Amino acid sequence: MAELYIRVAEDENEEPMEIPSEDDGTVLLSTVAAQFPGACGLRYRSPVSQCMRGVRLVEGVLHAPENGWGNLVYIVNYPKDNKRKMDEIDASSAVKIKRGDQKTSDLIVLGLPWKTSEQDLKDYFSTFGEVIMVQVKRDVKTGNSKGFGFVRFTDYEAQVKVMSQRHMIDGRWCDCKLPNSKQGPDEPMRSRKVFVGRCTEDMTAEELRQFFMQYGEVTDVFIPKPFRAFAFVTFCKFWCF
DNA sequence: GTTGAGCGTT
């Protein structure tokens, strides 16, 4: 296929920019993102239905609609809650996106000696990285340690390291694990699978994919059979939802 | 002042 450009803009009223396609007629998301930092996909207004449609995105490759790219102007999708250019995002949130599913969570510290204090814990765990908080759980009445506590690190790398080994703290071997009681306040935010309720029976997986791709790359659409009026849409883990 | 698998007053 001859070299082809597709017209891309941030919204329908803006001057479009021409973006080159690949030899096979596809367009790489990375090519779009080079001009529109933070882009996660494309959409366009269907000349037939007048509705916005998502452009198929599979593993970073944008695929032309059925009749080719044509002369339509394609609109850039940005991640949900983040419909702005990457260069407008401050450094800290850029780090959060980059880390994606690497957010830290509290770790439970099991097997602490009775005498170990929070200061002791902080002193010990600070050798692995910056510590956000430590807790020693104590009996409310007596103030005696219950022999376990919690720790949270700034960096996920420190968390992984700490979870991967046992710890000699004040003369006892202790274990650090992910708590199983609470899932941690960030777990729901980290979920890549969203529940889609009140589906009608005529909705197809393809239609759901087309719709939800405006929020990011869709890696799976699940529709239970027989019909149950709901579905699950799973997004690529690159973006945190 | 006891104990030794577990799961967090806010």
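This is a predicted model, so every value here is computed, not measured. Basis for what follows: all heavy atoms, side chains included, without hydrogens, waters or symmetry-related copies. Just so it is clear: chains get the letters A, B, ... in the order the sequence lines come, proteins before strands, and each one is counted from 1.
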### Query
Which residues satisfy the side-chain contact (heavy atoms from CB on, under 4.5 Å) test with A:Met203, sequence neighbours excluded?
A:Cys199, A:Thr200, A:Glu207, A:Leu208

### Message
List the residues meeting side chain to side chain donor-acceptor pair (under 3.5 Å) with A:Lys177, not counting sequence neighbours, and say none if there are none.
### Response
none

### Task
Sequence neighbours left out, what pairs pass salt bridge (charged side-chain N to carboxylate O under 4.0 Å, His left out) with at least one residue falling in residues 46-58 of chain A?
A:Arg56-A:Glu206

### Message
Rounded to whole Å, please give me the gap between NZ in A:Lys146 and P in B:dA5.
### Response
17 Å

### Query
Looking at B:dG8, B:dT3, B:dC7, which one has an atom nearest to any side-chain atom of A:Trp114?
B:dT3

### Task
Round to a whole Å and report the spacing from CG of A:Leu112 to C1' of B:dG8.
13 Å

### Task
Take atom CD1 of A:Ile108 and atom P of B:dG4, then tell me their distance rounded to the nearest Å.
18 Å

### Query
Expressed in angstrom and rounded to an integer, what is the separation of A:Arg166 atom CZ from B:dG4 atom C1'?
12 Å

### Query
Reckon A:Lys137 has a side-chain N or O less than 4.0 Å from the OP1 or OP2 of B:dT9?
yes

### Message
Between A:Asp139 and A:Lys146 (salt bridge meaning N to carboxylate O under 4.0 Å), is one present in this structure?
### Response
no

### Task
If the plane angle is over 60° it's perpendicular, under 30° parallel, otherwise tilted; pick one for A:Phe148 and A:Phe150.
perpendicular

### Task
Please name all residues satisfying side-chain contact (heavy atoms from CB on, under 4.5 Å) with A:Arg7, sequence neighbours left out, ordered by chain then number.
A:Pro16, A:Glu18, A:Asn71, A:Val73

### Query
Rounded to the nearest Å, what distance is computed from the CZ atom of residue A:Arg138 to the P atom of nucleotide B:dC7?
20 Å

### Partners passing side chain to side chain donor-acceptor pair (under 3.5 Å) against A:Glu12 (at least two apart in sequence or in another chain)
A:Arg45

### Message
Any base atoms under 4.0 Å from A:Leu107, or only sugar-phosphate, or nothing? Heavy atoms, all strands.
### Response
nothing

### Query
In whole angstrom, what separates A:Leu178's CG from B:dC7's C1'?
12 Å

### Task
Using heavy atoms and a sub-4.0 Å distance, could you list which residues of residues 127-136 of chain A are near DNA chain B? By number, please.
A:Met133, A:Gln135

### Task
Map A:Val140 and A:Pro113 onto DNA chain B by nearest heavy atom, then report which one ends up closer to the 5' terminus.
A:Pro113

### Query
Among B:dG8, B:dT2, B:dC7, which nucleotide sits nearest the side chain of A:Lys177?
B:dC7

### Summary
Nearest-nucleotide check on DNA chain B, A:Ser145 vs A:Phe148; residue mapping nearer the 5' end is A:Ser145

### Message
For a quick check of understanding: with a heavy-atom distance under 4.0 Å over all strands, which category does A:Gly111 fall into, base, sugar-phosphate or nothing?
### Response
base

### Summary
Separation of B:dT3 atom C1' from A:Asp139 atom CG, nearest Å, is 13 Å

### Query
Ring-on-base stacking between A:Phe150 and B:dG8, under 5.5 Å between centres and under 30° between planes: is it there?
yes

